[in-house]
Amino acid sequence: VQLQASGGGLVQAGGSLRLACKASGINFSINAMGWYRQAPGKQRESVALIRSGGSTNYSDSVKGRFTISRDNVRRTVYLQMTSLKAEDTATYFCNTDHRGRTYWGQGTLVTVSS
């Protein structure tokens, strides 16, 4: 199982970024996919989840600003981030569970300058 995240970068507060995570080695269409983030000195936290049927969950801190989506043909999950704030600065990771194990992508750094 491999999860390849991309799309991070430096953006000004109020700006937007779209993260992508391409999966291989799993039956992507039936897997729930998640995005997490970890800021320096803080614990990793859940950001958003999308289930196989398309239902979603968001943390309160990003609700209304971030949108998670999936493209089963491209085997990719996206995180559209808008109205970015300095406190969104973190390394973002995608993850999924497969056969009883949790797999993580390598992380992509998002830096929001205020």
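One-based numbering along the sequence shown.
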- Query: Between Lys85 and Asp88, is a salt bridge (charged side-chain N to carboxylate O under 4.0 Å, His left out) present by the stated rule, with each step listed?
  - Reply: CA-CA 5 Å; Lys85 306 175 182 178; Asp88 295 318; over 6 Å; no
- Applying side-chain contact (heavy atoms from CB on, under 4.5 Å), run through Ile26 and Arg75 and close with a yes or a no. CA-CA 9 Å; Ile26 59 173; Arg75 306 170 63 84; 4.3 Å; yes
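Ala13 and Ser114 get closest at one heavy-atom pair: CB-CA, 4.2 Å. The nearest pair of heavy atoms linking Val1 to His98 is CG2-CD2, 3.6 Å. The heavy-atom pair separating Leu49 from Ala32 by the smallest distance is CD1-CB, 4.0 Å. Smallest separation of non-hydrogen atoms from Ser59 and Ser46: CB-O, 3.5 Å. Nearest heavy atoms, Gln38 versus Phe93: CB-CE1, 4.2 Å. Here the closest heavy-atom approach between residue Gln80 and residue Ser16 is recorded as NE2-CB, 4.0 Å.
Note that Arg70 lies in the cation-pi zone of Phe28, set by a 6.0 Å cut-off to the ring centre and a 45° limit from the axis.
Between Tyr92 and Phe66, the ring planes lie tilted relative to each other; the angle falls in the 30° to 60° range.
Here the side chain of Lys22 pairs no donor or acceptor atom with the backbone of Leu3 at under 3.5 angstrom. With hydrogens and angles ignored, the 3.5 Å screen pairs no side-chain donor or acceptor of Arg37 with any backbone N or O of Ala90. Put simply, the side chain of Thr89 gets close to the backbone of Val112: a donor and an acceptor are under 3.5 Å apart.
The OG1 atom of Thr91 lies 4.5 Å from the CG atom of Leu109; values are rounded to the nearest 0.5 Å. Taking CD of Gln4 as the start and SG of Cys21 as the end, the distance is 8.0 Å to the nearest 0.5 Å. Note that CH2 of Trp35 and CD of Glu45 are 14.5 Å apart. Values are rounded to the nearest 0.5 Å. The structure places OG of Ser113 at 5.0 Å from CD of Gln12, a figure rounded to the nearest 0.5 Å.
The side-chain hydrogen bond (donor to acceptor under 3.5 Å, both in side chains) test applied to Thr96 returns Asn31, not counting sequence neighbours.
Taken together through direct or relayed side-chain contacts under 4.5 Å among Ile, Leu, Val, Met, Phe, Trp and Tyr, Val77 and Trp104 form parts of separate hydrophobic clusters. When hydrophobic clusters are built by joining Ile, Leu, Val, Met, Phe, Trp and Tyr residues whose side-chain heavy atoms come closer than 4.5 Å, directly or via intermediates, Tyr36 is not grouped with Ile68.
Side-chain contact check for Arg18 and Tyr78: no donor-acceptor pair (N or O, by modelled atom type) lies under 3.5 Å. For Thr76 and Asp71, the side-chain atoms include no donor-acceptor pair closer than 3.5 Å.
Counting non-hydrogen atoms of neighbouring residues, nucleotides and ligands closer than 6.0 angstrom, the CZ atom of Arg51 exceeds 12 such neighbours. With a 6.0 Å radius and a threshold of 12 heavy atoms from other residues, nucleotides or ligands, Gln106 has its CD atom above the threshold.
Between Leu19 and Val110 there is a side-chain heavy-atom pair separated by less than 4.5 Å.
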